[in-house]
Amino acid sequence: MSRIYDRVALIGLGLIASSLYWAIKRDGLAGEVVGYARSSETRETAREIGLCDTVYQSAAEAVEGADLVVLCVPVGAMESVAREIAPALKQGATVTDVGSVKRAVIDAVAPHLPSGVHFVPSHPLAGTEHSGPRSGFAELFEKRWFLIVPVQGSDAAAVDKIEALWQGIGSNTARMDPDHHDLVLAVTSHAPHLIAYTMVGVADDLGRVTDSEVINYSAAGFRDFTRIAASDPTMWRDVFLNNKDATLEILGRFTEELFALQRAIRTGDGEMLHDYFTRTRAIRRGIIEAGQDTDAPDFGRVKS
Ligand code: NAP
């Protein structure tokens, strides 16, 4: 694969940035990949594990001379970072972000970027419940969708170039409008996370009564909720605060469906429950057929 950018700057060195680093380097897609992290602890870890060609103490220093800048910080931190790097950005550079919410990030970042700098927001639909500089791996993006959410007036060549980078690290790409993105993600990611947090919270309350039972006998359903609910608290706080309307809309619909199922259980309407679960099973099949998950039993978990 040939080089797409000469110098890439990763701002924030957690799961997504470290995965990007390993993938871009593996595929030789950039000449140099530098980074910045806020805490000295993360910077030291990055240097220790060889994450980034150079690790800088400030975001402004890191973006100097970069032709691509990738903002990999929580959604709520995007604005302050954009403000800090703006004066140091090279003319003609592209700025992207990997935030899980798009409208709020665009509103927070775009006003700070100087003219002559291209802003092409993105979002990889790839992640794990782990965070920090040690959690990344080059394969994270393989066969996953990397959504590109161009803003009004985004330069077509800049959009094509970033699309080539995301495809270069193995992702499928698609372009989407920001509001549509936020609604789709509320359904596929944000509301499910909130439901997992809630279910684990309920079990935690119960756990005070039957402590070890909740842990020892955690069946597949609950275990999968706990994995999702172990995701980074800062990231997810910011997602909900910044995708408020779409998440509330989907949670409203969720509550209606829950009431309908609750009623079917109470009235013994087995037909309704069976039809419902048949429909949901088809969705799972669709996801597997689209190559977005494996059909190994119990999510491919290794049996001990
Ligand atoms: P992460 O592993 O928790 O890393 C976040 C990084 O941002 C860390 O380097 C952290 O610095 C830095 N940071 C946090 N607050 C900051 C602030 N106020 N100012 C400057 N830097 C700050 O997070 P991640 O999972 O890579 O997520 C990064 C972005 O990707 C988020 O916007 C998230 O919505 C998006 N995303 C995440 C996933 C996922 O599954 N995790 C998937 C797709 C998109 P320190 O280490 O110094 O604290």
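When a ligand or atom number is given, it counts from 1 through the structure's own listing order.
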message: Show the atoms of ligand 1 that are less than 4.0 angstrom away from any heavy atom in Ala77.
response: 16 (C), 17 (C), 18 (N), 19 (N)
query: Out of Gly136, Pro124, Gly127, Gly35, who gets a non-hydrogen atom closest to atom 43 (C) of ligand 1?
result: Pro124
- prompt: Numbering the atoms of ligand 1 from 1, which are under 4.0 Å from a heavy atom of Gly99?
  reply: 32 (O)
message: Determine whether Phe137 and Trp22 satisfy the following criterion, side chain to side chain contact (heavy atoms under 4.5 Å, CB included), listing intermediate values before the conclusion.
response: CA-CA 6 Å; Phe137 52 100; Trp22 301 121; 5.6 Å; no
- prompt: Is there any N or O on Ile16 that sits under 3.5 Å from an N or O of ligand 1?
  reply: yes
- request: Mark up the atoms of ligand 1 that fall under 4.0 Å of a heavy atom belonging to Val75, in ascending order.
  value: 32 (O)
For Cys72, atoms of ligand 1 separated by under 4.0 Å from a heavy atom: 5 (C), 6 (C), 7 (O), 28 (C)
query: Is a donor on one side and an acceptor on the other found under 3.5 Å between the side chain of Asp27 and the backbone of Leu29?
result: no
task: Please determine, by modelled atom types, if Tyr276 and Asp269 share a side-chain donor-acceptor pair under 3.5 angstrom.
output: no
query: Under 4.0 angstrom from ligand 1, any heavy atom of Ala126?
result: yes
query: What about Tyr36: any of its N or O atoms under 3.5 Å from an N or O on ligand 1?
result: no
task: Check whether any side-chain N or O of Arg263 sits under 3.5 Å from a backbone N or O of Leu258 as a donor-acceptor pair, and report yes or no.
output: no
task: Would you indicate whether Arg175, at its atom CZ, is surrounded by more than 12 heavy atoms from other residues, nucleotides or ligands within a distance under 6.0 Å?
output: yes
Atoms of ligand 1 close to His123 [distance to a heavy atom under 4.0 angstrom, numbered from 1]: 43 (C), 44 (C)
- prompt: Have Thr173 and Gln167 got a donor and an acceptor in their side chains that come within less than 3.5 Å?
  reply: yes
- line: So the atoms of ligand 1 within less than 4.0 Å of a heavy atom of Ser131 turn out to be 1 (P), 2 (O), 3 (O)
- request: Using a strict 4.0 Å cut-off to heavy atoms of Thr42, name the atoms of ligand 1 that fall inside it.
  value: 45 (P), 46 (O), 47 (O)
- request: Give the single entry among Leu140, Val101, Leu15 that approaches atom 25 (O) of ligand 1 most closely by any heavy atom.
  value: Leu15
query: Would you find more than 12 non-hydrogen atoms of other residues, nucleotides or ligands less than 6.0 Å from Glu271 atom CD?
result: no
query: Short question: side chain of His180, backbone of Met176 - any donor-acceptor pair under 3.5 Å?
result: no
task: List the steps, then state whether side chain to side chain contact (heavy atoms under 4.5 Å, CB included) holds for Ser171 with Lys143.
output: CA-CA 5 Å; Ser171 288; Lys143 297 196 176 68; over 6 Å; no
Those atoms of ligand 1 less than 4.0 Å from some heavy atom in Pro74: 7 (O), 13 (N), 14 (C), 15 (N), 31 (C), 32 (O)
message: Quick check on Leu125 - does any of its heavy atoms sit under 4.0 Å from an atom of ligand 1?
response: no
field: Proximity winner for atom 31 (C) of ligand 1, if only heavy atoms of Thr234, Val73, Val98, Thr128 are counted
entry: Val73
task: Indicate yes or no: does an N/O atom of Ser80 lie under 3.5 Å from an N/O atom of ligand 1?
output: no
- request: Consider only side-chain N and O atoms of Thr45 and Thr42, and report whether a donor and an acceptor are under 3.5 Å apart.
  value: no
